[in-house]
Amino acid sequence: MGLVEDLLTNRYLITPSAYYLLSDYYKKDFTLAELIKFAKARGAFVIDSSMAEEFLRKKGILSAGAPVEGGVHEPLEFGGEFSEEVSSTDENGAHVAPSGDSTPMPANVGEILALESRPGSGGGTSISTGTVSESTPVVPSSGGLEEETSDFSGGKSFVSTGTAGAGVPHEPSPGETAPEENEVEDSSGGTLPVEREGYVEEAQEDVGGVESAIEQPAPEESPSEVSVPEASIENGNGYNGNGYADSEEYYEGNGNGVKPKIVYGDYGVPIAYTAEEVPEEEKSYSVYRDVVITPKEGFHYRAKEIPDEWEVAFDVKNVKFEVPKVKSAASKEGEIVIKVYADYFRSRLRKMRRILRENPELGSVIDIGKLSYVRGEDEVTIIGLINSKRETAKGYMFEVEDNTGVIKVFINRNNSESKKFFQIMPDVVVAFKGRYSGRGIFFANRIFLPDVPKFKRTKPPLEEKVYAVLLSDIHVGSNKFCEKAFEKFLEWLNGEVNNRKEEELVSRIKYMILAGDVVDGIGIYPGQYNELEIPDIFDQYEALYNLLRNVPDHITMFIGPGNHDAARTALPQPGFYDEYARPLKKLKNAVMISNPAVVRLHGRDFLIAHGRGIEDVVNFIPNRSHHRPAEAMLDLLKLRHLAPTFGEKVPIAPDPEDTLVIESVPDLFQAGHVHVMEYKIYNGVFLINSGTWQAQTEFQKMVNIVPTPARVPIIDVETARLRAVVSFDQFCEGV
Ligand code: D5M
Ligand code: FE
Ligand code: ZN
């Protein structure tokens with residue numbers, strides 16, 4: 001196999017120019033293992049021409065001061081010759097010889113120019129950078145390669161170049177670097193997570209005066225070390241020692257004494273980055289480390305004496321999905337996709353059928369595929385998914401599907417039941433009672449939404465009053481986050497109350513529910529970046545942690561994700577991505593839940609969802625608005641589904657099981673997302689949207705969403721009803 005293939009097999013890449021330099025000697029003068037070891041020691045997974053040169057020099061194949069062979073210069077004028085040379089040296093040359101075929105490519109020209117400049121730029125010293133031009137001030141004027149290398153101890157590798165950012169001295173300026181070199185560096189740097197930049201910036205700020213003291217030798221002593229740190233790679237006492245040769249984790253200096261840890265995934269792409277904590281004062285924004293609220297002395301928390309009684313009755317993470325099996329390796333991809341969707345809707349149909357059949361009014365239910373066996377005068381019921389619906393001259397027509405067939409269902413406008421037409425969203429499951437005409441149309445006279453029963457079984461009373469506070473859409477990190485109001489709320493929870501009534505409330509709060517959008521995230525809506533106070537997702541969760549650690553220990557928090565969080569975008573959202581929301585794990589009194597989830601408090605079921613489904617309700621049901629979310633939530637409750645419509649605004653993951661079905665009737669249904677606090681009672685279910693802690697964003701201004709921030713509903717757990725709403729909105733700017 002050729003060099004390129006061999007490197008690819010080992011997850012290394014090589015630039016065409018480097019290939020050109022190395023291919024002649026491959027297997028004759030050096031082995032693959034030697035080259036990989038060399039690249040690995042530099043933390044690079046792309047072998048570029050400068051590295052290739054260094055390697056050849058180290059191997060003694062090229063002499064230290066010598067320019068690379070004259071042939072390299074040729075392409076500018078003698079493209080054909082160059083191309084020939086490449087192809088003649090290796091039969092695989094064709095794969096990597098675009099340089100030969102299209103010599104005037106800017107990348108090549110750039111590199112070649114850089115190489116050309118070397119002989120005049122001070123002998124061997126320039127070679128270690130591979131790209132430094134004659135006029136570059138950083139070119140060391142003395143000191144051979146050996147000297148450079150032996151002096152270096154804390155050298156920075158290729159990857160650390162990307163890590164450290166522009167402030168680090170070895171970053172070549174654009175003028176110093178040949179275009180191809182830039183390209184390569186960009187591609188490795190570009191794959192690093194964007195969030196790193198936040199750290200990097202901090203790290204630079206952190207550098208201050210200590211930078212040179214820690215990392216850089218005094219320039220007069222050894223100027224070359226400062227200017228050409230890549231040379232350090234060669235000395236072998238930096239990173240290519242025993243420590244990490246076989247490890248996937250590398251430790252790189254970043255020039256300021258802070259040692260970030262870079263973790264590499266497949267193909268050597270850096271996937272995660274953690275740095276030691278940079279002191280907060282170095283950041284241009286606060287992550288609320290200074291928000292430390294001490295409980296008011298002598299405040300009596302009755303809730304502490306009341307035994308905990310909670311369980312997460314439903315969490316998406318606990319659902320064991322059976323992944324559909326591929327029949328054979330030859331099975332077409334499309335077939336699997338169709339099967340996944342079919343399974344998803346089959347699951348929905350099955351669950352909804354069970355719910356609908358609890359209604360005794362339904363009568364005898366028959367499969368759509370068996371309708372032709374029914375006599376025209378017999379009244380029967382069908383249950384199916386709504387594929388489509390439309391208004392006709394005389395009434396309304398639906399296309400309805402179950403596992404056995406598809407049928408058109410008509411209901412006359414004069415029938416009062418026909419009004420339900422407007423409440424039926426695409427892809428919901430409903431039942432129709434009526435007669436089959438025998439000509440492909442089912443004439444319905446009743447429509448049954450899954451709905452919830454009129455009466456609810458009462459639950460045994462509790463010995464003591466306990467309360468739960470409902471929050472959502474805190475949006476920490478947004479510059480519209482009402483931080484002062486939130487801090488006031490935290491103080492309130494710590495006993496800073498205004499009167500007896502508040503004292504009673506605070507004293508008995510035992511639970512807190514956070515229904516998603518706990519941070520603002522990054523890149524969630526157009527123009528968001530301008531409204532971010534904390535432009536780093538890691539820091540947003542750190543900031544949230546710093547706030548929430550002030551929630552008294554005896555209050556158990558249940559925290560679920562929303563569309564702004566670091567979590568799967570599609571519903572259901574099993575939870576926060578660990579690597580981002582890690583700080584939340586430090587909260588001893590917090591339980592991470594999925595979206596949706598059911599939390600059972602003292603035997604009362606609280607259905608918690610972020611509430612994106614409300615968007616689809618507003619889209620499809622007439623007279624619905626973001627400003628009256630409780631009504632939209634009621635629509636969802638009646639349809640017994642949190643986001644029924646597939647392929648519209650709300651992305652839904654086609655899991656083998658539909659976990660967005662509201663399978664059992666909750667005592668309370670909490671959602672957020674629309675940033676408006678509102679509540680409603682329906683057939684014994686308390687529906688509440690918990691509002692937000694974020695003032696109106698520019699985007700919301702544009703789409704006319706007027707939030708009601710910093711209002712805290714307090715729920716009496718026993719009745720699952722609202723006990724009080726406490727407002728902190730006077731502390732929220734922009735309200
Ligand atoms: O949602 C905050 C509010 O903004 C909520 O009422 C939904 C609305 N929203 C969110 N995205 C859009 C788009 N793309 N168009 C219209 N309205 C939208 P949050 O999830 O906090 O951003
Ligand atoms: Fe939100
Ligand atoms: Zn949201």
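When reading the values below, keep in mind they use all heavy atoms of this one structure, side chains included, and skip hydrogens, waters and symmetry mates. One-based numbering, in listed order, for ligands and for the atoms of each. One-based numbering along the sequence shown.
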* To do: Test F686 against every option in F669, Y679, F606 by the ring-ring contact (aromatic ring centres under 6.0 Å, His included) rule and name the one that passes.
  => Y679
* Residue V674 vicinity, atoms of ligand 1 by number, heavy atom under 4.0 Å -> 5 (C), 6 (O)
* Flag yes if more than 12 heavy atoms outside K585 fall under 6.0 Å of its NZ atom; otherwise flag no. => no
* To do: Of all N, O or S atoms in D517, identify the one at the shortest distance from the Fe ion (ligand 2).
  => OD2
* Asked: By atom name, which N, O or S atom belonging to D473 lies closest to the Fe ion (ligand 2)?
  -> OD2
* State whether the shortest distance between N or O atoms of N563 and N or O atoms of ligand 1 falls below 3.5 angstrom. => yes
* Asked: Looking at H673, which of its N, O or S atoms is the nearest one to the Zn ion (ligand 3)?
  -> ND1
* Structure fact -> Numbered in order shown, the ligand 1 atoms found under 4.0 Å of a heavy atom of H564 are 19 (P), 20 (O), 21 (O), 22 (O)
* To do: Would you indicate whether K459, at its atom NZ, is surrounded by more than 12 heavy atoms from other residues, nucleotides or ligands within a distance under 6.0 Å?
  => yes
* **OD1 (N563) - the Zn ion (ligand 3) - NE2 (H610) angle, nearest 10°** => 80°
* To do: Could you check atom 16 (C) of ligand 1 against the protein and tell me its nearest heavy-atom contact, residue, atom and distance included?
  => K649 NZ, 4.0 Å
* **Carboxylate-amine/guanidinium contact D427 R348, below 4.0 Å** => no
* Structure fact -> The atom name of the N, O or S atom in H475 nearest to the Fe ion (ligand 2) is NE2
* Give the name of the N/O/S atom in H675 that lies closest to the Fe ion (ligand 2). => NE2
* Hey, does D517 come in under 3.5 Å of ligand 1, counting only N/O atoms on both sides? -> yes
* Asked: So, is the end of the K488 side chain (NZ or CZ) under 6.0 Å from the ring centre of F731 and within 45° of the ring's axis?
  -> yes
* the Zn ion (ligand 3) to nearest N/O/S of D517 below 2.8 Å -> yes
* Asked: Which class fits the ring pair F646 and Y341: parallel under 30°, tilted 30 to 60°, perpendicular over 60°?
  -> perpendicular
* Asked: Counting heavy atoms only, which of Q696, R612, H627, H673 is nearest atom 3 (C) of ligand 1?
  -> H673
* To do: Starting from atom 21 (O) of ligand 1, locate the nearest protein heavy atom and write down its residue, its atom name and how far away it is, to 0.1 Å.
  => H675 NE2, 2.8 Å
* Asked: For ligand 1, which atoms sit closer than 4.0 Å to a heavy atom of H475?
  -> 21 (O)
* N, O or S from H675 under 2.8 Å to the Zn ion (ligand 3) -> no
* Structure fact -> Quick look: F699 vs ligand 1, heavy-atom contacts under 4.0 Å, and the answer is side chain
* **Heavy-atom neighbours of K317 NZ exceed 12 at 6.0 Å** => yes
* To do: Would you check if the distance from the ring center of F486 to the ring center of F489 is below 6.0 Å?
  => yes
* **Side chain, backbone, both or neither: Q694 near ligand 1, heavy atoms under 4.0 Å** => neither
* To do: Measure up the F481 and Y288 rings against each other and bin them: parallel (under 30°), tilted (30 to 60°), perpendicular (over 60°).
  => perpendicular
* In terms of heavy-atom contacts, does OH of Y396 have more than 12 from other residues, nucleotides or ligands at under 6.0 Å? -> yes
* Step by step, work out the salt bridge (Lys or Arg N to Asp or Glu O under 4.0 Å) result for E309 and K510. => CA-CA 10 Å; E309 201 187 323; K510 223 173 143 43; over 6 Å; no
* Asked: Would you say the side chains of D658 and H641 form a donor-acceptor pair under 3.5 Å?
  -> yes
* Asked: How far is atom 8 (C) of ligand 1 from its nearest protein heavy atom, and which residue and atom is that?
  -> I705 CD1, 3.3 Å
